[in-house]
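Every heavy atom of this structure was used, including side-chain atoms; hydrogens, water molecules and symmetry mates were not.
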Amino acid sequence: VTSSSPAFRARPDVRFRVVDGKGVLIRQEAGEVVVLNPVGARVLDLLQSGAVLQRVLERLAEEFEVGAAELERDVLQFVRELVDAGVLEEEAR
Amino acid sequence: VGGGDGVDTLVFQVDARDFRELERARPYSFDLDYRPASVHLAGPLFMARLDWAPGLRGALWTSAVDAAFQGVFENYFRVLVAYRLLERGGALVHSAAVRDEGGACLAFGPSGAGKTTFARRAREAGATVLSDDLNPLCADDRTALVASAPFHGELENGPAPPVVPLRAIGRLRKAESDSLQPLPLGDCVASLTACAPFVSRDPHRAARLLENLESLARGVPAFELHFTRSGRAFELLRAASEP
């Protein structure tokens with residue numbers, strides 16, 4: 001996963017809703033429900049709206065007071081974890 | 001079964017040879033197949049389906065009679081209730097609910113979390129058990145309610161009006177001492193979702209479940225309830241929810 005990667009989207013068995021800033025994520029095949037912190041919820045919300053990763057980073061930089069390098073590192077790691085966990089998949093283009 | 005505001009179900013008695021025997025089939029274990037306009041069930045001695053055409057209706061085929069039929073029907077009925085609640089803005093939740101003059105307290109958690117222990121201690125403290133197993137949550141205008149239902153675990157359900165206002169929610173966690181702390185709405189909705197059978201795995205309707213649970217839980221005080229087997233968890237939850 002790099003910031004130049006194309007868009008990601010939730011896999012078909014994932015349901016997601018932002019509730020008071022936090023993310024409530026259901027992985028239906030695994031029978032799991034996960035809570036995401038506000039930043040994680042925002043990342044997934046932006047990805048779900050169709051934003052490519054670079055655009056997600058730009059939006060988060062506008063919304064949160066954090067250095068660009070730290071933001072990119074953390075977001076890429078988070079997206080990588082979601083891909084590995086079977087929550088996200090890279091969108092075919 | 002049903003009519004008017006209820007849900008019609010057609011029940012068909014079929015030959016036992018229509019079903020294949022399974023060696024390790026458990027009475028309350030069955031499979032569900034989720035489709036866009038229907039849900040199909042198959043389990044020991046029965047198959048059933050719910051259809052939206054567009055209103056909800058059901059059909060049940062079984063060779064079971066007498067006591068076995070009751071078990072089969074309860075399997076079907078739990079699923080039916082879950083979906084009926086869903087389409088009316090509610091949800092069915094694995095939980096213990098008790099009531100007193102101030103309303104109902106709902107305690108929930110995964111299997112083994114202590115729902116029956118919570119209900120038993122609450123009953124000893126003077127509350128009435130609505131159910132220590134499964135509780136229907138619904139809403140009237142903007143008030144969350146616990147509805148009475150025939151589901152129970154180890155404890156028999158006490159007498160109850162059709163609905164009781166929900167005054168507090170507690171997520172159970174066994175601990176060395178009794179205490180509680182506020183539970184953020186997002187965490188509450190996530191945990192309730194994990195305790196909502198059938199619908200949380202339905203790819204076509206789980207989004208509605210999240211929406212319903214957020215609406216139901218918003219405005220109801222929710223807490224992480226650390227409790228001991230002999231403690232006062234119910235009293236703590238009741239006291240924390242008093243105006």
Side-chain angles (χ1 to χ4, degrees), chain A residues 7-51 56 59-60 63-66 71 74-75 77-79 81-92, chain B residues 29-36 39 82 86 89 91-95 108-111 113 144 169 171 173 181-224:
Chain A
F8 291 82
R9 66 180 176 188
R11 294 175 68 93
D13 73 314
V14 170
R15 297 295 174 273
F16 174 69
R17 183 176 180 86
V18 178
V19 178
D20 272 11
K22 287 192 173 183
V24 180
L25 187 153
I26 310 177
R27 294 180 60 212
Q28 295 186 300
E29 285 187 11
E32 288 181 354
V33 183
V34 178
V35 180
L36 302 180
N37 67 25
V39 179
R42 188 68 180 127
V43 170
L44 194 52
D45 199 29
L46 288 166
L47 290 172
Q48 284 291 82
S49 71
V56 171
R59 289 292 299 271
L60 291 174
E63 297 172 12
F64 296 91
E65 290 186 10
V66 60
L71 178 68
D74 290 350
V75 169
Q77 181 180 336
F78 177 65
V79 170
E81 288 173 359
L82 291 182
V83 171
D84 291 344
V87 172
L88 289 178
E89 60 188 3
E90 195 168 324
E91 193 165 37
Chain B
S29 174
F30 53 92
D31 292 328
L32 291 110
D33 181 15
Y34 304 105
R35 302 186 183 188
V39 174
L86 183 77
L92 186 65
V93 176
H94 273 299
S95 57
F108 71 98
S111 180
I169 297 171
R171 184 172 71 181
R173 179 158 295 182
Q181 59 190 59
L183 183 65
L185 182 63
D187 298 75
C188 182
V189 170
S191 298
L192 286 170
T193 302
C195 293
F198 317 124
V199 186
S200 60
R201 289 202 173 208
D202 186 331
H204 309 289
R205 300 165 191 92
R208 177 74 188 276
L209 176 68
L210 287 172
E211 184 182 328
N212 288 0
L213 286 172
E214 179 183 351
S215 177
L216 289 164
R218 190 178 292 282
V220 179
F223 303 91
E224 178 93 334

[X] versus chain B, the contacting section by heavy-atom distance below 4.5 Å:
| X | value |
| --- | --- |
| A:Glu29 | backbone |
| A:Val33 | side chain |
| A:Val18 | backbone |

Return yes if some donor-acceptor pair links the side-chain N/O of [X] with the main-chain N/O of [Y] below 3.5 Å, else return no.
| X | Y | result |
| --- | --- | --- |
| B:Tyr34 | B:Val199 | no |
| B:Thr193 | B:Val189 | yes |
| A:Arg59 | A:Ala51 | no |
| B:Arg173 | B:Ala113 | no |

| note | Comparing B:Leu210, B:Asp187, B:Leu209 against chain A, the one with the most heavy-atom pairs below 4.5 Å turns out to be B:Leu210
| note | Answer key: most heavy-atom pairs under 4.5 Å with chain A among B:Ala207, B:Ser200, B:Pro184 is B:Ser200
| said: If you count heavy-atom pairs within less than 4.5 Å of chain B, which of A:Val34, A:Leu36, A:Asp20 leads? | reply: A:Asp20
| Heavy atoms from other residues, nucleotides or ligands near CD of A:Glu89 exceed 12 (cutoff 6.0 Å) | yes
